[in-house]
Amino acid sequence: MAHGGFGPPGSVTTTTAEIAERIRDAAAHGTRLRVIGRGHWLAANRPVQADATLPLDGYSGIVDYVPGDFTLTARAGTTLAEIARAARDQGQWLALDPLGSDEGSIGATVATASHGPHATGFGTPRDHLLGLEFVTGAGDVVRGGGRVVKNVAGFDLVRLSTGAWGTLGVITEVTVRLRALPAEQQTLALAVDEDAPILERLTSGLRGLVTAPLACELLSGVLAARIGLPERPVLAVHIGGNAESMRAQRDALAGLEAGAFAPADDALWTRLRAAGAGAAATWRLSYRPSRFAHTWIEGRESIAPFAGAWMHGSPLRGAVRYAVPTDAAEPGSPERLLRALTQPFDGVRIGETLPARAWSVLPSRAMDRLSRGVRTAFDPRGILNPGILGASE
Amino acid sequence: MTATADPGHGHVDAALVARLAGIVGKRRVLSRDSELVAYGSDGLPSYHARPACAVFPGTRDEAVAVVRALAAAHVPFVPRGAGTGLSGGALADGVVLLGLNRLTRILSMDPENRLAVVEPGVVNVALSRAAKPYGLYYAPDPSSQAACTIGGNVAENAGGPHCLKYGVTTNHVVALTVLLPDGEILPLGRADGEAEGYDLVGAFVGSEGCFGIALDITVRLTPEPQAIRTLLADFTTLDAAARTVSAIVASGIVPAALEMLDAPTIRMVEASIYAAGYPVDAAAVLLIELDGALAGLEQDVAAVDAMCRAEGARAVRVARDEAERARLWQGRKKAFGAMGRLSPHLVVQDAVVPRTKLPQVLSRIQEIAAHWRVTVCNVFHAGDGNVHPNIAYDANDPDATARVHGAMRDIMETCIAAGGTITGEHGVGVDKLPYMDRIFSAQSLRAMCDLRDVFDPERRSNPGKVVPVHSCREWHMAASARRAP
């Protein structure tokens, strides 16, 4: 990817109008842009063919935060860490913990619809977003939604842009809904036997919990060891609520008769999110929650050939994520990776970080007529992150 | 807004009516004045329009055939569910009204994964009833839920009292099969795993019938709460009630519902057949519901009770049983109906303001009502900041009508100035159309038009709604783009 076109990377951008001007200029010259927030997702998703970069890290800062309304508006380049700090001071948080770290930007989190373990309790970015501003590929400054918690004025440009990987517009500002930090919270861990019937019974018990946990992830033994736990499969559960509710939730977990849940360090969640950094390949499988045990065990076999490969998944969301670390890259491993990525599977297989040639084996998300139409309507010259959604865009 | 307004649109003629009758049967195509009277307005009695004809397919295949016949004739149409909408969105002015209320099958139910697939005409409450044996229900609960359809809910991105905790329609729809206005059928989203690509489900939900129709809808079901506590808090000033709302929201406790009724509304409800036992001398009551696991619930109830009293509640009562709870809710849910009985016409607003601004906005609404000499009834989703100031009046009285419209305009300006939006759950339809360019820039409105043109380049599906026509690029531009190879 070539730098240039718009001055040195990382140059400070101060206004939306300036960003719009840059984009109009790029559109006029057919300059293809790679949009960059904090640069934390650069290796993610399909490769981009760009002539220049459009960095947004200089466009940061919290624009408005009304704790009493639980709403916060921030420029796209604002780090999640900055938002977390401001919210924590008010006993609040943005219940969005995308894989990676809090050094990523809110704009990129929304653009990529990135989520993490707490999606189990709080959903993905589309469930947290109240409004946003973006600049289309034609340089139009567009606002969707607003700063209130309920809004049906006009067509939903907010959801349309969430997870569009910047291909419909460069997100410049977002308004999110925050939540109160729970009165009490605790992380619990349970050593788990990866035997199919046992997993089946455990996950079905978890689905039946009266109070759903905030997060609930099954970690493979290798991953557990990587984040400082004993090397064996472990179910990590994050619960929150008032004192009485916490007591009942602990009782309910004990009532699953799957073994003893032991208190664990809350830092587990941060470590889990960061675990994929530098992996040679990460991808995830998503299918019905009722089939989680099956998805887990099939997936375990598919990564068995890779030394040091690991996985984790949400029994309540039905998704399992896999990582092959770079140190597993030995002779023959590219072919094995392709085999792992092409094994028949009932749900959907989503690539996160993959070697360039591995993308071609994932079923291309053939863009339907509507998606192509939307792309053309918002980015007529196709200058925003071209290639990031796959060749068929 | 009529069919002939757009040069590329065709006319409804006898031949088309005959073609439609050939698809759905003669009895299911209405074209006489006397037959169409019931379809001249939606839940808002202030707007009337006469459809050219109304057609009611009884099966999915018939619906597809009807839309394809309309596409072949380039004739505009307005999809309609139960017609309970409150924005004039289902009005068909000289075009075809496409009623989908006969497509009432629940196609499948997957209790384990908490999903249901329904046809668009399934009545909201019927879905919850069908899910009940599995301990599940469909969470979004518009006040019209006994009549409104899931298809209509999808079109409007409908809300309801319990959306404060559980989210609105869009948070519960995971996949759709849509029939585009040109007759093409497309699946959107994914029910059995994460959906990749653009969130076209998110775009379609709330598109007010402008993007086509949903042939089937996959929704998420929610486990019934283990326990429910319903509180009625009685205040002697509107301001104290509003401050209590802000305090509860700020506390971080998320009630399942947090509703406010003001004095005029209380008196109207209590004088109607829906009397709920609200204190008639109160300036306002809050109807607060907390639900979830039994363990820990009483702690939250006690905390909310204390907050109400700290802000000056005269009394706080907790419903003792399901019958009392149902009665308290009936007053709230039927408040619109009670108002409708009072006067022939009713204006309903649906603005949303930041919750911290509620006290000041409500106080300003009082001043506006006094200034214009109108009685504003406030009955609304206070926890969301979604206000519904309503005014019942007689539209045959020109002076009253002018004052009502003046008050409504001032109230809307107040809500916009407070950082709010013009509609939280009813949709834009035709009713809020004049306010769209107050909250969206020309570029934003044009982006919405462009999005609509992707789904419906001929702009035949619910023409003239949601986005003011003058904000869109010229129709002939879209038309010529359509003809381009």
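Each chain gets a letter, A, B and so on, in the order its sequence line appears, and its residues count up from 1. Being a predicted model, the structure only gives us computed values, none of them experimental. Below, all heavy atoms of this structure are taken into account, side chains as well, without hydrogens, waters or symmetry copies.
For A/Asp156 and B/Asn157, the side-chain atoms include no donor-acceptor pair closer than 3.5 Å.
With a 4.5 Å cut-off on non-hydrogen atoms, B/Pro354 touches chain A through its backbone and its side chain both. There is no contact between A/Phe134 and chain B, counting heavy-atom distances below 4.5 Å. When heavy atoms are compared at a cutoff of 4.5 Å, B/Ile439 approaches chain A solely by way of its side chain, counted from C-beta outward. Both the backbone and the side chain of B/Thr170 come within contact range of chain A, judged by heavy atoms closer than 4.5 Å. Residue contact with chain A, scored on non-hydrogen atoms closer than 4.5 Å, involves the side chain of B/Met436 exclusively. Residue B/Glu298 does not touch chain A at all, counting heavy-atom pairs closer than 4.5 Å. For B/Asp192, the parts lying under 4.5 angstrom from a heavy atom of chain A are both the backbone and the side chain. Heavy-atom distances place the side chain of B/Val466, and not its backbone, under 4.5 Å from chain A. Neither the backbone nor the side chain of B/Phe204 comes within less than 4.5 Å of any heavy atom of chain A. Contact of B/Gln226 with chain A is made through the side chain alone, with heavy-atom distances under 4.5 Å. In this structure, the portion of B/Phe440 lying under 4.5 Å from any heavy atom of chain A is its side chain and not its backbone.
The minimum heavy-atom distance linking B/Tyr198 with A/Leu389 is given by the pair OH-CD1, 3.4 Å. The two atoms that bring B/Glu156 and A/Val152 nearest to each other are O-CG1, 3.8 Å, heavy atoms only.
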Could you please spell out the steps behind the side-chain contact (heavy atoms from CB on, under 4.5 Å) verdict for B/Asn113 and A/Arg291?
-> CA-CA 9 Å; B/Asn113 294 298; A/Arg291 299 278 290 163; over 6 Å; no
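Listed by chain and number, the residues in a salt bridge (Lys or Arg N to Asp or Glu O under 4.0 Å) with A/Arg247 are A/Glu244 (sequence neighbours excluded).
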